[in-house]
Number of protein chains: 2
Amino acid sequence: MPKDAQANSRTRSDTAVLEDTKALFIRRWGEMGIYWGISRTMAELHALLYISTEPLCTDDIMRQLQISRGNASMNVRSLIDWGLVRRVHLRGDRKEYFAAETDAWYLFETIMRERRRRELEPIGETIGKCVAMLDQSIPQLRGDSRDVAQECQRRLRGMHQFLVTVGSLLNLALDLGEKGMDMLAKMLSEAKSQPDGKS
Amino acid sequence: MPKDAQANSRTRSDTAVLEDTKALFIRRWGEMGIYWGISRTMAELHALLYISTEPLCTDDIMRQLQISRGNASMNVRSLIDWGLVRRVHLRGDRKEYFAAETDAWYLFETIMRERRRRELEPIGETIGKCVAMLDQSIPQLRGDSRDVAQECQRRLRGMHQFLVTVGSLLNLALDLGEKGMDMLAKMLSEAKSQPDGKS
DNA sequence: TCGTCCTTTCAGAAATCACTGAAATCATTG
DNA sequence: CAATGATTTCAGTGATTTCTGAAAGGACGA
């Protein structure tokens with residue numbers, strides 16, 4: 001007889017709902033990971049740690065996600081590199097445990113900072129370099145190729161300007177923090193619903 | 001002797017700068033595509049159309065990116081599905097040509113709408129369902145498992161609330177449009193640099 | 001220092017994703 | 001409607017990414 005046989009069917013089924021809920025969340029977060037440019041497993045691992053109330057060790061992760069030790073180790077490390085997961089040491093236990101940051105705004109900040117560093121900045125730099133190259137080259141050109149180059153320049157500048165605006169809005173969002181963003185969202189909604197005359 | 005041999009070395013080298021610039025832009029945009037969850041080729045194709053002053057046909061694309069007809073066709077279609085590229089018909093030519101939308105703000109709007117539809121909404125729905133499942137289940141639970149479920153619920157609600165805020169800010173951004181966003185960026189910068197007393 | 005327990009690494013296997021090219025389909029013209 | 005030219009599809013192939021499991025590398029206590 002299994003040791004939890006005394007548990008009545010109600011209790012078992014209720015705990016099952018909790019487990020089902022976690023599983024659903026983990027599965028969906030994993031699917032989204034693909035769209036975010038990280039692997040499904042890495043996103044699932046993040047979801048698992050996010051939804052777990054206690055820190056988990058490598059073996060917990062291996063068991064719950066059905067993945068190998070190496071895979072778990074690599075993906076945990078990536079999440080730590082991203083700043084989304086912390087190592088936790090429990091007194092009197094040689095194992096390492098892991099816990100996710102559970103504040104959604106912290107997640108947003110961290111991911112935005114990383115993406116700015118990895119994406120916004122490199123592409124902005126490259127476009128800047130492109131613009132500079134054309135600035136050098138256009139005065140030498142005549143006729144059609146000059147027109148073409150000028151239209152290219154216009155488009156590159158448009159993109160560059162856009163990236164600058166996004167960058168500064170992102171900086172402002174990060175400065176404002178959660179409360180500021182909530183306030184901003186409210187203020188703007190109100191301004192929209194009852195626009196005053198002195199536009 | 002090649003037919004453009006009469007072109008002097010200056011002209012050739014200047015046109016080469018334009019070509020190098022385009023190539024650099026295309027290469028970099030392609031690398032970024034990987035981070036955005038689309039394939040390198042699709043991003044390169046988008047960059048090529050973005051930076052080309054004339055619409056291109058499939059053969060132009062095949063030649064310039066060194067890819068097969070099938071690959072070109074599939075990726076052009078995806079870009080059209082995303083709303084980033086238009087078909088263009090030239091009178092008296094049976095071929096189809098393609099051109100990218102060149103307004104950066106339009107790109108932003110279009111990509112944001114698509115991502116809301118493909119990512120924000122599905123994940124929001126799923127988390128909503130998770131919250132509902134726990135709402136049903138928690139009253140049945142007692143003791144530890146109740147506490148655990150309540151902490152899960154707290155985290156799921158936190159994430160849900162965050163997604164709602166992001167969604168409404170996104171709506172506002174789309175309503176404001178380019179000019180509004182520029183204005184907002186300026187206003188907020190000023191407010192930051194010289195905060196008035198009556199906060 | 002050795003033995004134990006845990007973590008990390010990495011070569012090779014497996015799975016996934018992207019691409020090619022030829023055949024099928026579609027559209028246009030004579 | 002047949003001929004021509006363009007486009008789309010998709011099975012097979014190639015490339016890339018992800019995963020496994022075993023070996024190597026620590027850290028700690030005895």
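A note on names: the letters A, B, ... follow the listed sequences, proteins ahead of strands, and every chain is numbered from 1.
Distances from the side chain of A/Ser39 to the nucleotides C/dT7, C/dC19, D/dT18 place D/dT18 closest. Comparing atom distances between the A/Met74 side chain and each of D/dT9, D/dA6, C/dC10 picks out C/dC10 as nearest. Residue A/Thr41 places its side chain closer to D/dC19 than to any other of D/dA6, D/dC19, D/dT7.
Regarding contacts with the backbone of C/dC5, every side-chain N or O of A/Arg69 stays at 4.0 angstrom or more from both OP1 and OP2. Within the structure, a side-chain polar atom (N or O) of B/Ser73 is placed less than 4.0 Å from OP1 or OP2 of D/dT8. Contact between the side-chain N/O atoms of B/Arg77 and the OP1/OP2 oxygens of D/dT9 is found at a separation under 4.0 Å.
Distance CG (A/Asp59) to P (C/dC5): 13 Å, rounded to an integer number of Å. Rounded to a whole Å, the CD1 atom of A/Ile61 is 16 Å from the C1' atom of D/dT20. Rounded to whole angstrom, the span from the CZ atom of B/Arg40 across to the C1' atom of C/dC19 amounts to 11 Å. B/Arg87 has its CZ atom 10 Å from the C1' atom of D/dT8, to the nearest Å. For the pair B/Lys95 NZ and D/dG5 C1', the computed distance is 9 Å after rounding to whole Å. Atom CD1 in A/Ile38 sits roughly 14 Å away from atom P in C/dC17 (whole-Å rounding). What separates CD1 of B/Ile34 from C1' of C/dA18 is a distance of 12 Å, to the nearest Å. Whole-Å rounding puts the B/Asn75 CG to D/dT9 C1' distance at 14 Å.
Relative to the ring axis of A/Trp36, B/Arg115 does not place its NZ or CZ within 45° and under 6.0 Å from the centre.
Side-chain to base pairing of A/Arg94 with C/dC6: no donor and acceptor N or O lie closer than 3.5 Å to each other.
Heavy atoms only, all atoms of each residue included: A/Ala72 and A/Leu45 are closest at O-CD2, 4.1 Å.
Considering B/Asp59, B/Thr58, B/Leu90 as possible partners of B/Lys95, the one that fulfils the side-chain contact (heavy atoms from CB on, under 4.5 Å) test is B/Asp59.
Between A/Arg142 and A/Asp147 no salt bridge is recorded (no basic side-chain N to carboxylate O distance below 4.0 Å). Ionic pairing of B/Glu151 and B/Arg155 is present here: one or more N-O contacts between side-chain nitrogen and carboxylate oxygen are shorter than 4.0 angstrom.
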